[in-house]
Amino acid sequence: MNDARRERTMKRMIAAICAAMMLCGLAGCGTATMPDVTGMSITDARSKLNSAGFYSVDVKDMNGKAAFDGKIQSQKPKAGKEASTSDQVELVVKSAADQAQEAVDASKKLKQSAEDVKGKDAVEAIKTLQDMSAVGSIKDKNGADVGEKRITDDEANGVKWVVTDASAHTITSQTIDLVVDTEANMAAAQAQDQQKQQLEQKLSTTAALAACREYGKQLYPYGFKTHDIAGVIQDFTPSDENTWFYKATADVTNAFGAKQKGLTYECSVTGTTDAPQVVDFNVY
C-alpha cells in the first residue's frame, strides 16, 4: 500500500472514530429509561426518544415493511425499562396501508357473516349479530319492521321466524340488515309455488293472458287496451289447482268514442293451454 493510499485510509478511520465519539457524547453512551411513545406519530416518537438519548430508531408497519406514517402501536424495548442508549429501538406502527387492509378484511368478514345467517333461526341469527355489534334493520318480506322482542316472544309461543335474506353494510355502519319470515308463511309460499308449477304445466300464464285480452275485446268491441306490464295489480295466482286469477288495469272505449282510462279488470281462467276458458271477468 503506497503512502497516499495509507493516509486516506487513516483519515477515514479517524473520521469514523470521531463520529462515534460525537454520537457517544450526545447519547451519553450509557443507559436510560425507555420512554413510552405508543400512540404517537413517528415524528413525535423520534423526538421523544432522541430527547431521552436513543438515536437508533427502526420503524416498520404491521407487515414488517418500512413505514413513514401512522401511530405507534408497540415498541421494543418496552417503556419504563433501562436500556443502553446505543441499542436500536424498534417501533411498530399502524400505517395507512395497514388500516386499508383492516377495512378490507372487516368488509369480507361482515359479508361472510351475512351469508352465514341466511336460513338460520332468527333468534339465533340476531344473537350472533349482537355479539358482533352488527345488528341492522329487521324487516319482513313486505318491508315492515319486525322488532327483536316480537321475534323472541313469538318463538316462545311456538311461532318460529327464519332469516330469508341478509345484506351487509360495509361502508357507513358495519351492520347487517335481515329479512325474516315465519316458517308457516314460508311453507304456505312453497305450497303455492308448487301449485303454480303444476297449474303452469296444464295451463300456461301466456295462454291465460291471451284469453283474458280476447275476452275483454269481445265485451268491449270499441276498445279494450290492457296494461299488462306497468299496470299489473296481481300477477297470475292460482285460485285453485285448475284456475288462474289475474288483476291489472285497462282502458275501455264505448260506442260513442268516450274512453275511460285506468280501470281495473279481473280475470279468472281455467282449461288448458290449448283451450283456455275465461270463467269470470269484471271491469270496474
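No donor-acceptor contact under 3.5 angstrom links the side chains of T38 and Q73, judged on distance only. Side-chain contact, S86 with S84: a donor N or O sits under 3.5 Å from an acceptor N or O. Residues Q112 and D116 have side chains that bring a donor and an acceptor to within less than 3.5 angstrom of each other. Side-chain contact of S47 with N50: a donor-acceptor pair under 3.5 Å is absent, judged by distance alone.
Atom-to-atom distance recorded for Q201:CD and T272:OG1 is 13.5 Å, nearest 0.5 angstrom. Rounded to the nearest 0.5 Å, atoms OH (Y215) and OG (S268) are 11.0 Å apart. Rounded to the nearest 0.5 Å, atoms OG (S95) and CD (Q101) are 10.0 Å apart. Q88 contributes atom CD, which lies 4.5 Å from atom CG of D58 (distance to the nearest 0.5 angstrom). Expressed to the nearest 0.5 Å, how far CD of Q234 lies from CD of E266 amounts to 8.5 Å. Atom CG of L199 sits about 7.0 Å away from atom CG of N242, to the nearest 0.5 Å.
Cluster membership check: M62 does not share its hydrophobic cluster with V89, using side-chain heavy-atom separations under 4.5 Å among Ile, Leu, Val, Met, Phe, Trp and Tyr. Residues V92 and M34 do not share a hydrophobic cluster, clusters being chains of Ile/Leu/Val/Met/Phe/Trp/Tyr side chains in contact below 4.5 Å. There is a path of hydrophobic side-chain contacts, each under 4.5 Å, that joins Y220 to Y265. A continuous path of ILVMFWY side-chain contacts below 4.5 Å connects I151 to V117, so both sit in one hydrophobic cluster. Residues I138 and M132 are members of one and the same hydrophobic cluster, defined by side-chain heavy-atom contacts under 4.5 angstrom among Ile, Leu, Val, Met, Phe, Trp and Tyr.
In this structure the side chain of K94 reaches within 4.5 angstrom of the side chain of Q99, judged on heavy atoms. Counting heavy atoms from C-beta on, the side chains of V37 and D44 never come closer than 4.5 Å. Side-chain contact between D251 and H227 is present, with at least one heavy-atom pair separated by less than 4.5 Å. The shortest side-chain heavy-atom distance between D87 and S56 does not fall under the 4.5 Å cut-off. Using a 4.5 Å heavy-atom cutoff, the side chains of K111 and E115 are not in contact. Using a 4.5 Å heavy-atom threshold, the side chains of I42 and L91 count as separate. Residues D36 and Q75 meet the side-chain proximity criterion, which asks for heavy atoms closer than 4.5 Å. Contact check for L178 versus L129: side-chain heavy atoms found under the 4.5 Å cut-off.
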Item to check | side-chain contact (heavy atoms from CB on, under 4.5 Å) assessment of L110 paired with H169 | outcome: CA-CA 8 Å; L110 198 68; H169 295 282; 5.6 Å; no

Checklist entry - Going through the distances and angles, do W161 and R150 end up as a side-chain contact (heavy atoms from CB on, under 4.5 Å)? => result CA-CA 10 Å; W161 289 80; R150 177 183 173 185; 3.6 Å; yes

Checklist entry - Could you go step by step and tell me if T33 and E82 meet the side-chain contact (heavy atoms from CB on, under 4.5 Å) rule? => result CA-CA 5 Å; T33 301; E82 289 295 314; 2.4 Å; yes

Next on the checklist: Using the rule given for side-chain contact (heavy atoms from CB on, under 4.5 Å), can you reason through T152 versus I126, listing the C-alpha separation, both sets of side-chain angles and the distance that settles it, and then say yes or no?
Outcome noted: CA-CA 10 Å; T152 303; I126 291 170; over 6 Å; no

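At least one donor-acceptor pair closer than 3.5 Å links the side chain of D69 to the backbone N or O of A96. Remark: the backbone N or O of D235 is paired with a side-chain donor or acceptor of T237 at under 3.5 angstrom. S113 places a side-chain N or O within 3.5 Å of a backbone atom of K109 that can act as its donor or acceptor partner. A donor-acceptor pair under 3.5 Å links the side-chain atoms of W244 to the main chain of L203, judged by distance alone. S204 contributes no side-chain N or O that, together with a main-chain N or O of T273, makes up a donor-acceptor pair within less than 3.5 Å. No donor-acceptor pair closer than 3.5 Å links the side chain of N157 to the backbone N or O of V159. A donor-acceptor pair is defined here as one N or O able to donate and one able to accept, closer than 3.5 Å; no such pair exists between the side chain of E183 and the backbone of V162.
Of all non-hydrogen atoms in S41 and I72, the two that sit nearest each other are O-CG1, 4.3 Å. In terms of heavy-atom proximity, P276 sits nearest to V269 at CB-CG1, 4.0 Å. Of all the heavy atoms in P35 and F54, the pair that sits closest is CD-CE1, 4.0 Å. Residues R213 and F224 share a closest heavy-atom pair of O-CD2, 4.0 Å. When all heavy atoms of V163 and A125 are compared, the pair lying nearest together is CG2-CB, 3.7 Å. Contact record, A114 with A166: O-CB, 3.4 Å, taken as the closest heavy-atom pair.
The pair K65-D61 does not meet the salt-bridge criterion, since no charged nitrogen lies less than 4.0 angstrom from a carboxylate oxygen. Salt bridge annotation for K118-D165: present, with a cationic side-chain nitrogen under 4.0 angstrom from a carboxylate oxygen.
In Q260, the CD atom is not crowded: 12 or fewer heavy atoms of neighbouring residues, nucleotides or ligands sit closer than 6.0 Å. Summarising the local packing, OH of Y284 is surrounded by more than 12 heavy atoms from other residues, nucleotides or ligands at distances under 6.0 Å.
Pairs engaging residues 127-143 under the side-chain hydrogen bond (donor to acceptor under 3.5 Å, both in side chains) rule: K127-D131, Q130-E148, S137-D177, K139-D145 [sequence neighbours left out].
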